[in-house]
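Structure, as structure tokens:
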Amino acid sequence: FPYTTLFRSESVFEQAEANIMRQNLEKIMQETLTKREKDVITMRYGLSCPPLTQLETAKKMGISRSYISRIETKALSKMRVKLEKLDRSE
């Protein structure tokens, strides 16, 4: 994810921690989400570009805003379940 203001940090330690978080997020998305779900999450949360609204994302993808909302909700739920499973296995 080249563009991530979410993970900008000051110290070397913070940068390393942010890099690990970014890698973990990327891995979870890759293992859990469909391409469409990944695209929506990436656009909505600004993982490779400035964050877009649901309407902007819908226009880019050629689908309705309400469908973007449903995709986003489902994708976040799938990621949450994956994280909970990972937490239990540690």
Side-chain angles (χ1 to χ4, degrees):
F1 303 111
Y3 180 91
T4 50
T5 56
L6 176 66
F7 298 113
R8 286 206 179 133
S9 302
E10 300 278 327
S11 75
V12 174
F13 175 77
E14 289 171 332
Q15 289 174 0
E17 187 175 44
N19 192 36
I20 291 168
M21 288 174 57
R22 187 173 25 259
Q23 290 171 352
N24 289 340
L25 176 61
E26 191 172 334
K27 182 179 179 192
I28 288 169
M29 288 176 64
Q30 197 67 29
E31 293 174 355
T32 309
L33 305 180
T34 66
K35 181 181 180 339
R36 180 172 272 180
E37 290 167 338
K38 283 185 279 189
D39 290 346
V40 168
I41 295 299
T42 298
M43 286 186 239
R44 289 284 294 128
Y45 293 91
L47 301 177
S48 65
C49 61
L52 302 177
T53 65
Q54 286 183 346
L55 186 57
E56 291 168 330
T57 303
K59 285 180 180 177
K60 275 194 172 231
M61 295 184 75
I63 56 181
S64 71
R65 189 217 49 86
S66 63
Y67 192 42
I68 291 294
S69 179
R70 289 192 300 268
I71 293 169
E72 181 180 354
T73 299
K74 183 178 178 182
L76 292 173
S77 177
K78 287 167 72 173
M79 291 172 66
R80 194 172 296 116
V81 167
K82 178 74 172 179
L83 282 170
E84 288 169 359
K85 286 180 182 177
L86 290 174
D87 283 346
R88 278 188 247 130
S89 68
E90 290 180 355

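What's counted below: heavy atoms across the whole structure, side chains too, no hydrogens, waters or symmetry copies. This one's a predicted model, so the numbers in the text were calculated from it and none came from an experiment.
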* To do: Give a yes or no on this: more than 12 heavy atoms of other residues, nucleotides or ligands lie within 6.0 Å of atom CD of Gln30.
  =>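 Not buried by this count: 12 neighbours or fewer within 6.0 Å.
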Joint cluster assignment, [X] & [Y], ILVMFWY side-chain distance < 4.5 Å:
X: Met79; Y: Ile71; answer: no
X: Leu83; Y: Met29; answer: yes
X: Tyr67; Y: Val40; answer: yes

Separation between [atom1] of [X] and [atom2] of [Y], rounded to the nearest 0.5 Å:
X: Ile41; Y: Thr57; atom1: CD1; atom2: OG1; value: 9.5 Å
X: Leu25; Y: Ile20; atom1: CG; atom2: CD1; value: 13.5 Å
X: Lys60; Y: Met43; atom1: NZ; atom2: CE; value: 6.5 Å
X: Gln54; Y: Met61; atom1: CD; atom2: CE; value: 12.5 Å
X: Thr42; Y: Lys35; atom1: OG1; atom2: NZ; value: 9.0 Å
X: Arg36; Y: Lys74; atom1: CZ; atom2: NZ; value: 11.0 Å

Looking at side-chain heavy atoms only, is the closest gap between [X] and [Y] below 4.5 Å?
X: Arg44; Y: Leu52; result: no
X: Asn19; Y: Gln15; result: no
X: Leu86; Y: Asn24; result: no

* Pair Lys59-Leu55, side-chain contact (heavy atoms from CB on, under 4.5 Å): steps then yes or no -> CA-CA 6 Å; Lys59 285 180 180 177; Leu55 186 57; 4.1 Å; yes
* Short side-chain to backbone donor-acceptor contact, Thr73 and Arg70, under 3.5 Å ->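 Between the backbone of Arg70 and the side chain of Thr73 there is no qualifying donor-acceptor contact (under 3.5 Å).
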* **For Thr32, the option from Lys78, Glu37, Arg80 that meets side chain to side chain contact (heavy atoms under 4.5 Å, CB included)** => Lys78
